[in-house]
Structures are given as C-alpha cells and as structure tokens.
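Scroll down for the structure; my scribbles are underneath it.
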Amino acid sequence: MDLTAFFTLHKDLPREGPGLPEDVRWAVELAGTHGEARICDAGCGPGADTVTLAEMLPEAWIDALDLHAPFAEATAARCARFGPRVKAWAGSMAELTGPYDLIWCAGAMYFLGVTEALSAWRKALTRSGKVAFSEPVLLGGDEPQAVRDFWADYPGITEEAGIVERVEQAGYRVLGRRLIIGEPWEAYYAPMEARIAELRAEPVSEALEGVLAEGEAEIAQWRAAPERIAYLLCVVAPA
Ligand SMILES: C[S@@+](CC[C@H](N)C(=O)[O-])C[C@H]1O[C@@H](n2cnc3c(N)ncnc32)[C@H](O)[C@@H]1O
C-alpha cells in the first residue's frame, strides 16, 4: 500500500475503527479502573479513545502507542492539553512492559491475535489489571453474502464463543462483553465518507484513487448489512 496515499485519506480522521465514548465508559466501569490508574491505549490510532480515557479518569496516567508514527503524533497533539500524564509514541503493542491497571485495545488486537496478545500482556498487568479489547465477531446463523464479503480479509473471525475460547486459552476469564454495532460504525465511516468526498473534489493521483476506491468499497459493504457487522468488546482478567 502507498502510505502517503493512505495517510492522505486517513489524516485527521477522528478514529480508525468503530467505537463510541460510551463503549470506553462501559469497559472502564466494569474493569473498576479509577484514581491514579496506569492505562495503556494499545494501537491507539489517532487517539479518540485516549481522549475519552483521559477525560473520564482525570488522575490516570496514560500511555498511548501505535505502530504508525502519524497516528501516534495525532494522538500526542490531541492529548497535549492533558499535560505529562498522557504520553503517545510510535511503537509496537507486542512489547508492552507496564505495569498497567488497564490495557485498552480497540480494533487492533487482531494484528497480534487474541490469545497471543493476552499471553504477552499478562506480565504487563498489575495484580488486579484488566484488558478491554474489541474484536470482529460473527453474530451466528446464516451469514448474508455482504457479511462474508466484509470480513473476507479476516478468515480467523468467529462467533462470540470462539472469542471466549481464545481468551480462555490465554489463561484469562471474561468479566463482561457487549456488541459494537450500528452507531459506533457510523462514527467511524461517516467522517471517512466526508473526507473521500472532499478529496474527490480535486483530481487525484492513481495511488490515492486506489485508496479512495478501497475506502468506498468497505463503506458500501458495511452499509449493505450494518445490523450484521459487529465487533465484540470484552473486558477480561487473568483467571
Ligand atoms: C483499526 S485501527 C484502530 C485504532 C484505534 N484504536 C481506534 O479505534 O481509532 C488499528 C490500529 O492498530 C495499529 N497497530 C497495528 N499493529 C500494531 C502493533 N503491533 N502495535 C501498535 N499498533 C498497531 C494500526 O496502526 C492502527 O492504527
């Protein structure tokens, strides 16, 4: 992929995956994270959830990291108002050291694998530490073609039971789970759609055309079955 073209589209988008502030709040409350907690936003993208975490927990210390420097920089800029208690940098979430009371990982866990990430993060958690992550999920029953097309690049996708199994294989238990469906996806795709329209107002390079067409195809696939395309948000703890 042409990274310049990719970031021409993705630059300044508020978030890089589905989710709403209320999803973060639900997970933080369930995890019992409070006070001067140490938190990691792993795979933070442009930092929408980092901001929610920092606002929700005004005494917390938050590390936010993303493999891609432009996302880490966007997060650092958005979080500058919180001062030194929020730090963002480019790095891999495969190498977290912690210790963290909460590792928040929205829509990024599949880059490492649920079992692999949870196993690696165990040593990065405090004794009462929790992980909250969202992961693609099938709702069960006969999947419409639109759903199969949408998840074609993620053959490892399972129903909820398969995610729970992967959590348990890592030696964790699920404290709670909820679906991310509908509105949180609109929060991701509506700004992307607006940005595509803005970029299309001018002639575009071949590389950018490829990225825009890919974005449009993904949004169209989601719009074909928005009530069937979901992530599962799970709060888990070492068993
Ligand atoms: C779907 S996006 C979600 C971003 C963000 N959590 C959000 O909801 O807006 C996944 C992010 O994971 C990042 N990522 C992928 N592999 C990573 C790794 N090994 N370490 C850190 N970040 C990674 C990508 O760069 C991307 O920004």
Side-chain angles (χ1 to χ4, degrees), residues 1-28 39-56 62-79 86-98 100 102-121 124 131-137 150-151 153-154 156-157 178-181 183-192 195 211 214-215 218-219 221-222 229-234:
M1 178 187 294
D2 181 315
L3 277 184
T4 307
F6 177 84
F7 281 109
T8 303
L9 170 58
H10 289 262
K11 190 171 144 334
D12 300 334
L13 292 183
R15 56 181 311 122
E16 282 295 318
L20 290 173
E22 65 210 52
D23 297 314
V24 182
R25 278 188 211 107
W26 171 85
V28 165
I39 299 176
C40 179
D41 186 350
C44 61
D49 295 338
T50 320
V51 169
T52 303
L53 287 162
E55 285 175 346
M56 253 195 94
I62 303 173
D63 292 341
L65 70 158
D66 197 282
L67 208 50
H68 285 297
F71 287 148
E73 284 157 17
T75 300
R78 271 170 106 171
C79 292
V86 182
K87 293 194 180 66
W89 68 90
S92 175
M93 61 184 181
E95 288 142 28
L96 301 185
T97 51
Y100 295 114
L102 178 67
I103 298 174
W104 167 262
C105 184
M109 195 88 147
Y110 55 75
F111 287 103
L112 301 183
V114 170
T115 308
E116 293 77 0
L118 290 177
S119 302
W121 292 348
V131 179
F133 69 95
S134 59
E135 170 73 4
V137 68
F150 187 85
W151 294 120
D153 290 339
Y154 191 47
I157 189 170
R178 77 174 194 168
L179 285 178
I180 294 190
I181 193 164
E183 199 188 335
W185 290 75
E186 191 68 44
Y188 169 38
Y189 285 133
M192 195 196 294
R195 179 106 177 105
V211 168
E214 209 172 285
E218 184 181 325
I219 295 168
Q221 279 173 346
W222 175 67
I229 290 171
Y231 274 10
L232 187 69
L233 177 59
C234 295

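Both ligands and their constituent atoms are indexed starting at 1 by order of listing.
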query: Under 6.0 Å from the CD atom of Glu183, do we count more than 12 heavy atoms belonging to anything else shown?
result: no
query: Does any pair with a residue in residues 44-53 pass salt bridge (Lys or Arg N to Asp or Glu O under 4.0 Å), and if so which ones, sequence neighbours excluded?
result: Arg15-Asp49
task: Please assess Phe111 against Glu116 for the test side chain to side chain contact (heavy atoms under 4.5 Å, CB included), listing each intermediate value before the final yes or no.
output: CA-CA 10 Å; Phe111 287 103; Glu116 293 77 0; over 6 Å; no
- line: For residues 67-79, the side-chain hydrogen bond (donor to acceptor under 3.5 Å, both in side chains) pairs (sequence neighbours left out) are none
- prompt: Tell me, which pairs form a side-chain hydrogen bond (donor to acceptor under 3.5 Å, both in side chains) where one or both residues lie in residues 1-14, sequence neighbours left out?
  reply: His10-Glu16
What does the contact table look like for ligand 1 (nitrogen or oxygen on each side, cut-off under 3.5 Å)?
from: ligand 1; atom 1: 6 (N); to: Gly43; atom 2: O; distance (Å): 2.8
from: ligand 1; atom 1: 6 (N); to: Ala106; atom 2: O; distance (Å): 2.9
from: ligand 1; atom 1: 8 (O); to: Arg15; atom 2: NH2; distance (Å): 3.1
from: ligand 1; atom 1: 9 (O); to: Glu16; atom 2: N; distance (Å): 2.8
from: ligand 1; atom 1: 19 (N); to: Ser92; atom 2: OG; distance (Å): 3.3
from: ligand 1; atom 1: 20 (N); to: Met93; atom 2: N; distance (Å): 2.8
from: ligand 1; atom 1: 22 (N); to: Leu67; atom 2: N; distance (Å): 3.1
from: ligand 1; atom 1: 25 (O); to: Asp66; atom 2: OD1; distance (Å): 2.6
from: ligand 1; atom 1: 27 (O); to: Asp66; atom 2: OD1; distance (Å): 3.3
from: ligand 1; atom 1: 27 (O); to: Asp66; atom 2: OD2; distance (Å): 2.6

message: Any heavy-atom pair between the side chains of Trp151 and Ile229 that's under 4.5 Å?
response: yes
